[in-house]
Undergrad: 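I'd like to ask you about the structure that follows.
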Amino acid sequence: GVWRQTKALLFKNCLIKCRTKKSSVQEVLFPLFFLFWLILMSMMHPHRKYDEVANINLGTLDTSVLVDFVIGYTPPTRMAREIMKKVAFDHFEDGLITEEYLSEEELQEASAFKPSKFVGVVFNDAMSYQLRFPDLVTVVTYMESR
């Protein structure tokens, strides 16, 4: 039955490996060669470690550049509204102009008709968002500190 067929198949495979020694050796040596090559390459290009950047005071923000600054955001969820309210009123005395849009397409259309001081914010979830500048996309992660 099964044992006899398994034994015959094993014997057949051993005969094939003995008769084709060149390909059998290649099957073993090529992976070892590539492994050696990867190790050698990783040793030639070690990981770089960068020093810490010291905390420095950057001074006060010049709010004159933020005159007529418009921030549009989508989707208009409760969390997005809270974040934008905090950005607009807690950090700037005069407040920034914030506008909410129902979809990302509406936000892109509005940015085409708004002045160059328009920034779009697309909230992916409560922890991350994308900033949309004219012809530029920047991915930023927002983490609320409490």
Undergrad: Are Y129 and L131 side-chain neighbours, meaning at least one heavy-atom pair lies under 4.5 Å?
TA: yes
Undergrad: If you round to the nearest 0.5 Å, how far is OH of Y73 from CG of L107?
TA: 11.5 Å
Undergrad: Atom CG of L40 and atom CE of M43: how far apart are they, to the nearest 0.5 Å?
TA: 7.0 Å
Undergrad: Is the shortest heavy-atom distance from the side chain of P75 to the side chain of F123 under 4.5 Å?
TA: yes
Undergrad: Kindly compute the distance separating SG (C14) from CG (L10), expressed to the nearest 0.5 Å.
TA: 4.5 Å
Undergrad: Between K7 and F11, is the side chain to side chain contact (heavy atoms under 4.5 Å, CB included) condition met? List the steps.
TA: CA-CA 6 Å; K7 201 165 73 170; F11 182 69; 6.0 Å; no
Undergrad: If we ignore hydrogens and angles and just use 3.5 Å, is the side chain of T98 paired with the main-chain N or O of M84 as donor and acceptor?
TA: no
Undergrad: Within the distance-only criterion (no hydrogens, no angle test), does the side chain of T20 pair as donor or acceptor with the backbone N or O of S23 below 3.5 angstrom?
TA: no
Undergrad: Short question: side chain of S128, backbone of N124 - any donor-acceptor pair under 3.5 Å?
TA: no
Undergrad: Identify whether the distance between the nearest side-chain nitrogen and carboxylate oxygen of E82 and R78 falls below 4.0 Å.
TA: yes
Undergrad: Are the side chains of V122 and Y101 in contact, using a 4.5 Å heavy-atom criterion?
TA: no
Undergrad: Contact between E99 and V70 at the side-chain level, heavy atoms closer than 4.5 Å - yes or no?
TA: yes
Undergrad: Quick one: pull up CZ in F30 and CG in L35 and give me the separation to the nearest 0.5 Å.
TA: 14.5 Å
Undergrad: Treating Ile, Leu, Val, Met, Phe, Trp and Tyr as nodes and any side-chain heavy-atom pair under 4.5 angstrom as an edge, say whether W37 and M44 lie in one connected cluster.
TA: yes
Undergrad: Could you tell me whether the side chain of I71 reaches within less than 4.5 Å of the side chain of V121, counting heavy atoms only?
TA: yes
